[in-house]
Number of protein chains: 2
Amino acid sequence: MVTHILVTGRLQVIKVRRDVFQAIADPTRRAIINMVAYQSMNLNTVAENFDISRPAISKHIKILTECGLIVIKQQGRERYCEAHLQQLQEVNEWTTHFKTFWTQKLDALENFLEQDTNKPTENK
Amino acid sequence: MVTHILVTGRLQVIKVRRDVFQAIADPTRRAIINMVAYQSMNLNTVAENFDISRPAISKHIKILTECGLIVIKQQGRERYCEAHLQQLQEVNEWTTHFKTFWTQKLDALENFLEQDTNKPTENK
DNA sequence: CCATTGCGTAACCAAATGGTTACACATATA
DNA sequence: TATATGTGTAACCATTTGGTTACGCAATGG
């Protein structure tokens, strides 16, 4: 079911059928994205880079297409995976809101914290 | 099992037992993060803002603590959820790598795409 | 001291996830 | 035309996920 409709740039309508946060939760899918980001690649070539079976990769790619991160271009019997990573903007913006948490080292919160982390009391 | 050990700022060691990408995949957990980011809140108060049960929220918060995004401060019988969002840096950086995908509107790829999206042929 | 509040957790459950093997089928290719 | 290649998908499976209710227990407050 369509959960979002976003219009990017020039009337390019992308129907998102799946939460992009959930799509990138899986490490294999992130690896696929890294792999095809700057070089389109057919499905079998992608699959050869992993230990899991070709159908498993096929499923992952299907999920990525469902949220628009990958677009398939059929070419003869081959299907090329093209990265369309505009959807990652949502993730980038959400995390950017919290950028102060890792850029400001010594805000009041961390000062407070350091009081109990001075002694690195540890667990197992 | 500990999957990462990161040292931030001043010898503050965070043991990450869970992938942060997976932790933020759930919309409820993202809502919790938004809620406590700038104002610590005890668990029951967090739970009151959701339709799901208090134990369900408790589980979500446990997951968030397992990847270091939230730290619990016990205060009497109450447990305050404090946001420690440094881990989101990993997500922010990964998505930032692909920023050109949504900032450069007219790279060769999109030009090509517009050829087939000019007519918004549609599906349901 | 007793009731209430705030919380963790166990036990349970349905659905989603991530993998597999087996098969079908269209496109290349010899 | 026969075979090999590239791929989707069905059927199946174990595990994980996200929720519930029920219970226990320490801290608070009357």
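What you see is a predicted model, and the numbers here were worked out from it, not measured in a lab. First the proteins, then the strands, lettered A, B, ... as listed; each starts at 1. The figures that follow rest on heavy atoms only: side chains count, while hydrogens, waters and symmetry mates do not.
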* Asked: Can a side chain N or O of S58(B) be found less than 4.0 Å away from OP1 or OP2 on dG8(C)?
  -> yes

* Any pair with a residue in residues 41-55 of chain B that passes side chain to side chain donor-acceptor pair (under 3.5 Å), sequence neighbours left out, goes on the list, sorted by first then second residue, please. => N42(B)-T45(B), N42(B)-E78(B)

* Asked: dT5(D) phosphate, OP1 or OP2: any side-chain N/O from N44(A) under 4.0 angstrom?
  -> no

* Structure fact -> R30(A) meets the side chain to side chain donor-acceptor pair (under 3.5 Å) criterion, sequence neighbours left out, with D19(B)

* **Set of residues satisfying side chain to side chain donor-acceptor pair (under 3.5 Å) with respect to Q39(A), sequence neighbours excluded** => none

* Can you list every pair that meets salt bridge (charged side-chain N to carboxylate O under 4.0 Å, His left out) and has a residue in residues 35-45 of chain A, with sequence neighbours left out? -> none

* Structure fact -> Applying side-chain contact (heavy atoms from CB on, under 4.5 Å) to I61(A) and not counting sequence neighbours gives I32(A), L43(A), V46(A), I57(A), T65(A), I70(A), I72(A), C81(A)

* Any residue meeting side chain to side chain donor-acceptor pair (under 3.5 Å) with Q75(A), in chain and number order, not counting sequence neighbours -> none

* Of all residues at least two apart in sequence or in a different chain, which pass the side chain to side chain donor-acceptor pair (under 3.5 Å) check with N34(A)? -> W94(B)

* **Distance-minimising heavy-atom pair for A83(B) and A37(B)** => CB-CA, 3.6 Å

Polar atom pairs (N or O), protein with nucleotides 26-30 of chain D, under 3.5 Å:
| residue | atom | partner | partner atom | Å |
| --- | --- | --- | --- | --- |
| dA27(D) | N3 | R77(B) | NH1 | 3.1 |
| dT28(D) | O4' | R77(B) | NH1 | 3.1 |

* Structure fact -> For nucleotides 15-22 of chain C, 5' to 3', base contacts (B), sugar-phosphate-only contacts (S) and non-contacts (-) with protein non-hydrogen atoms under 4.0 Å give --SSBBBB

* Asked: Once you round it to whole Å, what is the distance between P of dT7(D) and CD of E48(A)?
  -> 9 Å

